[in-house]
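As the structure is a computational prediction, the values presented were derived from the model and not from experiment. Lettering of chains follows the sequences in order, A, B, ..., and the numbering in each one begins at 1.
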Amino acid sequence: MRKELDKNYHPHLEEAIYQRWLEKNYFHAEPDGSREPYTIMMPPANITGQLHMGHALTFTIQDVLIRRKRMQGYNTLWLPGTDHAAISTEVKIVDSMIKEGLTKKDLGREGFLARAWKWKEEYGGTIVRQLKSLGVSCDWDRERFTMDEGLSRAVLSTFIHLYEKGWIYRGEKLINWCPHCRTTISDAEVEHEERDALLYYFRYPIEDGGENENAWIEFATTRPETMLGDTAVAVHAEDERYKRLIGKTVTVPFVNRSIPVIADEYVEMGFGSGVVKITPAHDPNDFAVGERHGLNRINILNDDGTLNGAAGPFAGMTRLECREKITREMKRLGLFVKTEPLRHAVGVHDRCHEIIEPMIKLQWFVKMEQLAKPALEVYQSGRLRIFPERFGKIYMRWLENIRDWCISRQLWWGHRIPAYYCQGCGQTVIALEAPQTCPGCGHGVFKQDEDTLDTWFSSALWPFSTLGWPDKTKDLAYFYPTDVLVTGYEILFFWVIRMIFSGLELMGEQPFRDVMLHGIVRDEFGRKMSKSLGNGIDPLKVIEQYGADALRLMLLTGNALENDTRFFEARLETSRNFINKVWNATRFLLLHFDGEEPDENLSALTVMDKWILTKMNQLTAAAAERMDRYDLGMAAQMIYDFVWDELCDWYVEMIKPRLYDPANAEKPTAIWTLKTVLTTALKLLHPYIPFVTEEIFLSLQDREETILLSAWPVFQKKYVFPAEEKAVERMKDVVRKIRAARLDMNVPPAKKIRVILVSADLDIRTFFTGARSAFALLAGAQAVVIQPDRSGVDAGAVSLVADGAVAYLPLAELVDFEKEIERLNREIKKLAVEMSRAQAKLSNEGFLQKAPPELIAEEREKWNKYNTMLAKAEEQKNNILLRASC
RNA sequence: GGAGGCAUAGCUCAGCUGGGAGAGCGUUCGCUUCACACGCGAGAGGUCACAGGUUCGAGCCCUGUUGUCUCCACCA
């Protein structure tokens with residue numbers, strides 16, 4: 001079959017190719033005991049999301065891994081899906097309701113959820129459609145959503161399982177409260193931002209301070225409004241300034257509360273005034289101090305962050321209003337001392353960046369101690385590998401310092417907590433469904449907990465809930481554990497760690513062998529792409545202009561994957577140009593390919609064929625090695641270099657004489673070799689640039705129906721030809737020298753010259769004889785004479801010294817003797833430098849004693865080689881000098 | 001306050017277990033060579049941040065310094 005290919009590659013074909021893959025069902029996987037599985041769980045995309053560069057990067061990496069394994073014959077499953085993304089989705093829906101003048105209260109829980117599901121139906125498909133344009137080869141038949149019936153059952157089962165083990169409990173603890181989203185959030189969702197603030201110095205009057213002029217105690221705080229919840233003032237027990245005050249009481253103004261002065265280790269004498277006001281209900285440290293001293297906890301905040309009734313005259317104000325008002329009032333009372341600027345970190349919600357208020361609330365928690373241990377062990381023992389390795393330390397540290405996980409959220413969009421409270425006796429029943437009668441009192445009326453679960457509680461189960469857990473399915477038995485989890489390093493804590501301890505606990509086995517963490521895509525200035533900056537690049541627009549192949553290739557090359565990468569239009573063009581190069585190499589082949597499929601015939605191969613096959617073989621091995629350790633960028637770079645430099649710039653040029661001559665006996669081998677090497681390159685490239693490689697592959701042959709299922713290239717012993725490799729490298733060296741000399745001597749490119757190649761070595765002469773026509777073409781020669789010595793060569797010819805051979809260009813009428821002497825001098829100087837470098841090593845005692853013998857031998861060989869070449873150059877220089885003097 | 005990453009050609013970045021500095025873009029010169037100007041050929045351009053150390057040998061290993069980025073963290 002022959003196809004006319006366009007002069008340039010156009011990516012318009014991508015959509016049709018993808019459609020065909022889907023129709024053929026290539027991406028679908030079923031358990032098959034006769035084949036080994038290879039599984040990747042796609043990190044579920046947020047249903048409200050739009051495809052961004054981060055997606056493009058992570059999914060391209062996964063697709064490369066999956067496509068390669070598929071070609072290697074594995075039964076590959078790449079399972080896609082979407083995440084309900086509790087908070088972000090709920091916030092978006094609420095925002096959309098505001099435009100209609102509606103609130104959650106107006107709709108009620110049922111009504112809100114109905115609207116949320118409608119929202120999901122409407123927008124949930126967008127991200128999936130966009131993903132397809134990237135070319136991802138995942139099994140869409142198995143697409144899952146975290147709130148699917150099955151996955152929801154997994155969530156509830158997990159909750160019950162952990163509850164029964166005593167690892168889920170409900171308790172009144174200090175939690176992170178987001179006044180904007182009006183929900184608790186976990187520690188992992190709190191970000192710390194450096195902000196400029198003021199450190200306020202205030203005084204509390206000491207009760208019965210009486211006659212003493214120090215009738216007050218001075219303290220410092222960054223949050224004056226919290227004084228309304230103070231239940232103590234703490235000093236250090238050893239602090240001479242305050243020792244005598246311990247045990248006395250002071251008054252909190254405005255609320256007229258008497259609170260004790262206590263001693264606690266937590267206070268640092270050097271900071272501020274050495275006195276800390278204690279607000280157990282709104283600060284983690286103070287909470288701990290309060291526990292040690294049995295202090296009251298006074299909540300002064302409403303859920304929206306305004307002050308509540310406990311704040312007395314300040315009730316109803318926002319935190320900031322209250323802070324200002326209190327400061328004014330303290331001034332009026334003469335209790336204000338000063339303020340100092342202070343730069344410190346404040347905790348904010350990672351979604352909305354609202355300042356987090358610590359509050360005491362009754363919430364559900366997962367006890368982490370017992371869950372964290374096996375997760376640590378699985379890494380320490382080497383059963384879990386993390387790439388790049390440095391994240392291992394971060395993984396360990398986080399698990400070692402982990403605190404209990406607050407999992408309840410005051411949201412409606414999510415999995416509702418399966419806790420039912422008996423309205424008769426108050427007993428809590430944890431069950432999949434609402435109980436009929438209370439086991440305690442026999443009462444029949446229950447009220448389910450209003451809260452839903454942290455969105456990560458469900459995604460933590462993703463590697464097995466998607467395969468049917470808690471049922472014991474065939475899918476689970478076959479595909480679990482999965483092979484590698486690929487994701488950005490920013491969700492290591494949120495997701496990766498939680499999947500690991502969940503898998504270990506619930507499945508008894510780690511969810512994946514490897515974790516591969518990659519960086520993020522930044523804009524051309526190195527800034528994070530973000531909505532607020534408006535600097536995001538839309539992958540869909542890029543795909544439209546350059547094609548998904550170009551985008552994919554660009555994202556994986558020129559950067560180590562673990563590092564952040566910058567998005568440059570220029571790099572995109574580089575990728576596009578490369579794809580065009582591959583395209584045109586194919587055009588070239590098809591131009592000379594009459595459809596006759598030549599057979600492999602190793603004995604008919606020329607030296608040049610053997611050379612490119614050897615190079616191809618080396619590439620296959622080297623690329624495999626890189627890909628096995630997830631070094632996809634380096635592997636791509638190697639393939640790129642091979643295709644462009646070796647295959648296109650050299651091999652294709654070398655075989656032109658054989659192809660242009662229809663009667664050439666070596667034409668079929670050239671065709672066979674080019675086709676073999678090109679096909680191998682296409683296969684190696686397919687994971688990176690799936691569309692164009694498929695298109696080309698199909699145009700080159702009609703035995704296989706897709707490249708996607710073709711056999712992955714492997715290293716083959718029969719394609720190892722070291723002698724031929726060396727011979728062609730020598731020829732390349734001579735050619736490069738001739739080209740440079742021509743330019744140097746101002747020989748026009750079109751001007752054909754004569755070349756006399758002299759070598760005393762019969763093998764070398766034989767090789768050049770065999771490659772004569774290719775050599776002539778590459779060097780721009782009309783005739784090439786090969787002889788054992790320089791007899792008959794004009795003394796003034798330009799001479800180019802190579803390893804084992806000298807090429808003479810008799811350019812008599814063109815040559816400028818002085819210029820040639822100059823050139824030879826340069827050459828001699830270069831060789832002398834090389835020699836002295838080798839000499840320095842070889843005359844170093846230490847080197848001779850301690851360096852590996854093969855390295856020493858290598859240096860000796862180099863020295864000899866350069867020495868011979870230098871002698872040849874000197875000889876030629878003398879010849880010219882002699883002739884010039886005539 | 002801890003921990004880690006990065007500093008290599010004008011720009012963006014590669015450089016595996018230490019053994020003669022690489023790519024892409026840009027730049028200079030020359031090319032309508034019948035696959036490709038999204039191209040071909042030939043160049044120029046680097047004290048590998050700085051200071052020490054280990055080693056026969058350091059861009060790579062160790063220590064420190066400077067700059068820069070990130071993560072973690074309950075000092076009011």
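Contact annotation for A:Asn563: backbone-only contact, meaning every heavy-atom pair under 4.0 Å involves sugar-phosphate atoms and none involves a base. Residue-level contact check: A:Tyr266 touches the bases, meaning some heavy atom is under 4.0 Å from a base atom. Contact annotation for A:Asp649: backbone-only contact, meaning every heavy-atom pair under 4.0 Å involves sugar-phosphate atoms and none involves a base. Heavy atoms of A:Pro358 sit nowhere under 4.0 angstrom from any nucleic acid atom. At a threshold of 4.0 angstrom between heavy atoms, the contacts of A:Phe568 are confined to the sugar-phosphate backbone, with no base atom among them.
Distances from the side chain of A:Leu591 to the nucleotides B:G4, B:A35, B:C38 place B:A35 closest. Listed nucleotides B:C31, B:G4, B:C38 differ in distance to A:Pro749; the shortest reach to its side chain belongs to B:C31. Of the candidates B:G41, B:A35, B:C16, B:C16 carries the atom nearest the A:Arg626 side chain, counting heavy atoms from C-beta on. The side chain of A:Leu743 lies closest to B:A42, out of B:G39, B:A42, B:U12. Checking B:G19, B:A76, B:C16 against the side-chain heavy atoms of A:Arg629 singles out B:C16 as nearest.
With a cut-off of 3.5 Å on both Watson-Crick or G-U wobble distances, the partner of B:U65 is given as B:A49. Across all strands shown, B:G19 forms a Watson-Crick or G-U wobble pair, both distances under 3.5 Å, with B:C56. Pair assignment for B:C11 gives B:G24, based on Watson-Crick or G-U wobble hydrogen-bonding distances that are each under 3.5 Å.
Of the residues in residues 223-231 of chain A, not one places a heavy atom less than 4.0 Å from an atom of RNA chain B.
Using a 4.0 Å cut-off, some side-chain N or O of A:Asn559 falls inside it from OP1 or OP2 of B:A14. Between A:His192 and B:C72, a side-chain N or O to OP1/OP2 separation shorter than 4.0 Å is absent. Using a 4.0 Å cut-off, no side-chain N or O of A:Tyr489 falls inside it from OP1 or OP2 of B:C72.
Using modelled atom types and a 3.5 Å distance limit, the side chains of A:Glu218 and A:Tyr201 yield no donor-acceptor pair. Side chains of A:Tyr866 and A:Gln839: no donor on one and acceptor on the other come within 3.5 Å. Using modelled atom types and a 3.5 Å distance limit, the side chains of A:Arg195 and A:Thr222 yield no donor-acceptor pair.
To the nearest angstrom, C1' of B:G22 lies 9 Å from CE of A:Met634. Taking atom CD1 of residue A:Ile402 and atom P of nucleotide B:C72, one finds them 13 Å apart after rounding to whole Å. If you take CG of A:Asp628 and P of B:C16, they are 18 Å apart, rounded to a whole angstrom. Between A:Gln637 atom CD and B:G24 atom P the separation is 8 Å, expressed in whole Å.
Comparing A:Gly846 and A:Arg571 along RNA chain B, the residue whose closest nucleotide (by nearest heavy atom) sits nearer the 5' end is A:Arg571. Both A:Glu194 and A:Arg739 sit near RNA chain B, but only A:Arg739 has its closest nucleotide nearer the 5' end.
In A:Glu291, the CD atom is crowded: over 12 heavy atoms of neighbouring residues, nucleotides or ligands sit closer than 6.0 Å. Within a 6.0 Å sphere centred on CD of A:Glu729, other residues, nucleotides and ligands contribute more than 12 heavy atoms.
Counting distance only, with no hydrogens placed and no angle test, the side-chain atoms of A:Lys7 and the base atoms of B:C36 include no donor-acceptor pair under 3.5 Å.
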